Amino acid sequence: MCGRATIITPAADLEKRFNAAFIKGAVLNENVNISAGNKIPVITNEQPNHIQMFTLGYTPKWAHKQTYMINARSEGDLNPENNPQYKGAMGIFNKPMFKHAVKSQRCLVLVDAFIEGPKQEKLNKPYLVYPNRDRGPFALAGIYDTWQHPLTGELHHTVAILTSAANRITQRIEHHRAPVILSREDEEKWLNPDMSVAELSRMMEPFDSKGFNAYPISSKIKSPDANGLELLKPTGDKLFKDYDRCLYERLKYAEEDDYVIREERLVEGDQFVLF
DNA sequence: CCAGACGTTGTT
DNA sequence: GTCTGG
DNA sequence: CCAGACGTTGTT
DNA sequence: GTCTGG
């Protein structure tokens, strides 16, 4: 079970990074342990200049009950072996539950990190996956829909995070899937309603592990109620050796000084793999 | 045609 | 809403 | 979030 | 009452 994410970057910095303003009434709550049912910041193709807070856990508009789908397989029924080398058509376009949304209701899901555990131990042995070199928040590929409660009429804006086969990082964590992380260049394309299926399929391939790292954290994260920066404290070595400060250190540092997202650095040679 | 499902990760 | 299975 | 389970023996 | 799965 993945389904946990972290958002801790202040609203003003998120707005600057993604060139969008929080929509009227939206409140960003710092949340180190976002789980099903919690609010998470998104930018939709319908309102690309605004950041909104949606409920993590997708429900298609036609559902009778809320379904809380946290993830959506980008390959659909294809690639049942979860082969990381899989290229080609993404079967999600054929899935009744997601086909409409993936064609016309795509969004960026804004996070600072996500949490993944091994297939076996799950969140009993969690790792925090984050961008190194202080690159700051990034965008997961999401799809969304609005579901209306049949009795109260209340509207629920819900979102699912797309998944792909594992990449280098999640393989090392012994997990066989990974969230779809969009490159900076693809963020705008993902929101472009005119993108071809082929181009969208390419964007859903496992993310480039270059520029990301991970380290183990406390299994206290398992409880959806647990929260706070201390949950992100490393409990062991990083997956890949590097000379950066880890996310926890970066955030601790931010508490003291003014929070600054450093300029994007060269991605080339980001990760020092020594062994 | 119509009723019923529509999904994930993870497990067996 | 749209596809599948009977 | 909420519906549904909530176990055993035997195996590793 | 509390944990798990979807």
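Chain letters run A, B, ... following the sequence lines, proteins first and then strands; every chain starts at 1. Side chains are part of it too, since the values below use all heavy atoms of this structure and drop only hydrogens, waters and symmetry mates. Since the structure is predicted, the reported quantities are computational estimates derived from the model, not experimental observations.
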Under 4.0 Å from OP1 or OP2 of [N]: is there any side-chain N or O of [X] that close?
X	N	value
A:Arg177	B:dT8	no
A:His175	B:dG10	yes
A:His176	B:dG10	yes
A:Thr163	B:dT8	no

Rounded off to whole Å, could you give me the [atom1]-to-[atom2] distance for the [X] and [N] pair?
X	N	atom1	atom2	answer
A:Leu56	B:dT8	CG	P	15 Å
A:Ile92	C:dT2	CD1	P	17 Å
A:Glu116	B:dG10	CD	C1'	12 Å
A:Lys125	B:dG10	NZ	P	14 Å
A:Phe93	B:dC6	CZ	C1'	18 Å
A:Met97	B:dA5	CE	P	13 Å
A:Gln66	D:dG4	CD	P	16 Å
A:Asn71	D:dC1	CG	P	17 Å

5'-to-3' dot-bracket of DNA chain D (Watson-Crick, G-U; under 3.5 angstrom; crossing pairs as [ ]; | other strand) | ||||||......
Between [N] and [M], how many Å separate the two [atom1] atoms, rounded to a whole number?
N	M	atom1	answer
E:dG5	D:dG7	P	13 Å
B:dG10	D:dT12	P	25 Å
D:dT9	E:dC3	C1'	23 Å

Just checking [X]: base, sugar-phosphate only, or nothing, at a heavy-atom cut-off of under 4.0 Å?
X	result
A:Tyr58	nothing
A:Ala63	nothing
A:Lys61	nothing
A:Lys65	nothing

Ion pair check, [X] and [Y], cut-off under 4.0 Å:
X	Y	value
A:Asp13	A:Arg17	no
A:Asp186	A:Arg202	yes
A:Arg106	A:Glu46	no

Is the A:Phe98-A:Phe93 ring centre distance short of 6.0 angstrom?
->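 That pair fails the under 6.0 Å test.
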Are A:Phe212 and A:Phe207 close enough that their ring centers fall under 6.0 Å?
->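 Ring centroids of A:Phe212 and A:Phe207 are less than 6.0 Å from each other.
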From the options D:dC1, B:dG10, B:dT8, select the nucleotide whose nearest atom is closest to the side chain of A:Tyr68.
->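 Out of D:dC1, B:dG10, B:dT8, the nucleotide with an atom closest to A:Tyr68's side chain is D:dC1.
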Of the candidates B:dT8, D:dC1, C:dG1, the side chain of A:Pro96 sits closest to C:dG1
May I ask you to decide if the ring planes of A:Phe138 and A:Phe114 are parallel, tilted or perpendicular, using 30° and 60° as cut-offs?
->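 Perpendicular, since the angle between the ring planes exceeds 60°.
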Mind checking the NZ-OG spacing from A:Lys189 to A:Ser196? Nearest 0.5 Å is all I need.
->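 Between A:Lys189 NZ and A:Ser196 OG, I get 10.0 Å after rounding to 0.5 Å.
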Give, for atom CD1 of A:Ile169 and atom CZ of A:Phe240, the distance between the pair rounded to the nearest 0.5 Å.
-> 5.0 Å
For nucleotides 4-6 of chain C, print each protein N/O atom paired with a nucleotide N/O atom at under 3.5 Å, atom names and distance only.
none

Does atom CG of A:Asn19 have more than 12 heavy-atom neighbours, drawn from other residues, nucleotides or ligands, at distances under 6.0 Å?
-> no
Check the surroundings of atom NZ in A:Lys233: do more than 12 heavy atoms from other residues, nucleotides or ligands lie under 6.0 Å from it?
->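 At most 12 heavy atoms, drawn from other residues, nucleotides or ligands, come within 6.0 Å of this atom.
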Where the side chain of A:Thr163 meets the backbone of A:Ala178, is there a donor-acceptor pair that is under 3.5 Å apart?
-> no
